[in-house]
Amino acid sequence: MAANVGSVDRVLRLIVGAALIVAPLLNIFGLGASTVAAYVLMALGGILVLTAVFGTCLLYSVMGISTKS
């Protein structure tokens with residue numbers, strides 16, 4: 001699969017993904033009682049971090065979008 005995520009998009013995905021992983025661990029959103037919500041946020045964060053690291057987004061490929069110049 002060809003890279004389709006640009007550098008600005010990658011940085012934003014990395015920052016937001018890391019925040020979504022760390023926030024439930026630190027109980028920032030008050031999600032300590034809801035473990036399901038915490039796991040969902042951490043999974044979404046992991047997906048964002050992985051797409052930032054590899055530079056490829058499956059949804060972008062399906063929709064024909066590319067932010068890479």
Side-chain angles (χ1 to χ4, degrees):
M1 214 181 303
N4 59 3
V5 180
S7 59
V8 174
D9 195 2
R10 288 176 88 164
V11 170
L12 290 174
R13 285 172 183 259
L14 191 60
I15 292 169
V16 172
L20 287 175
I21 292 170
V22 172
L25 297 175
L26 299 177
N27 201 16
I28 291 175
F29 299 120
L31 296 171
S34 178
T35 56
V36 173
Y39 286 134
V40 169
L41 286 177
M42 291 188 329
L44 289 175
I47 291 168
L48 287 176
V49 168
L50 288 175
T51 58
V53 169
F54 292 114
T56 303
C57 177
L58 181 63
L59 289 176
Y60 277 10
S61 297
V62 170
M63 293 189 295
I65 298 172
S66 177
T67 58
K68 187 174 176 108
S69 54

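Taking every heavy atom of both residues into account, Pro24 and Met42 meet most closely at CG-CG, 3.8 Å.
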List the atom pairs, donor and acceptor, that lie under 3.5 Å between side-chain atoms in residues 44-56 and the rest of the protein, sequence neighbours left out.
from	atom 1	to	atom 2	distance (Å)
Thr51	OG1	Arg13	NH1	3.0
Thr51	OG1	Ile47	O	3.2
Thr51	OG1	Leu48	O	2.9

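Residues Leu14 and Ile21 fall within the same hydrophobic cluster, defined by Ile, Leu, Val, Met, Phe, Trp and Tyr side chains chained together at heavy-atom separations under 4.5 Å.
With sequence neighbours excluded, the residues that form a side-chain contact (heavy atoms from CB on, under 4.5 Å) with Ile65 are Tyr60, Met63. Residues passing the side-chain hydrogen bond (donor to acceptor under 3.5 Å, both in side chains) test with Ser61, sequence neighbours excluded: Asn4.
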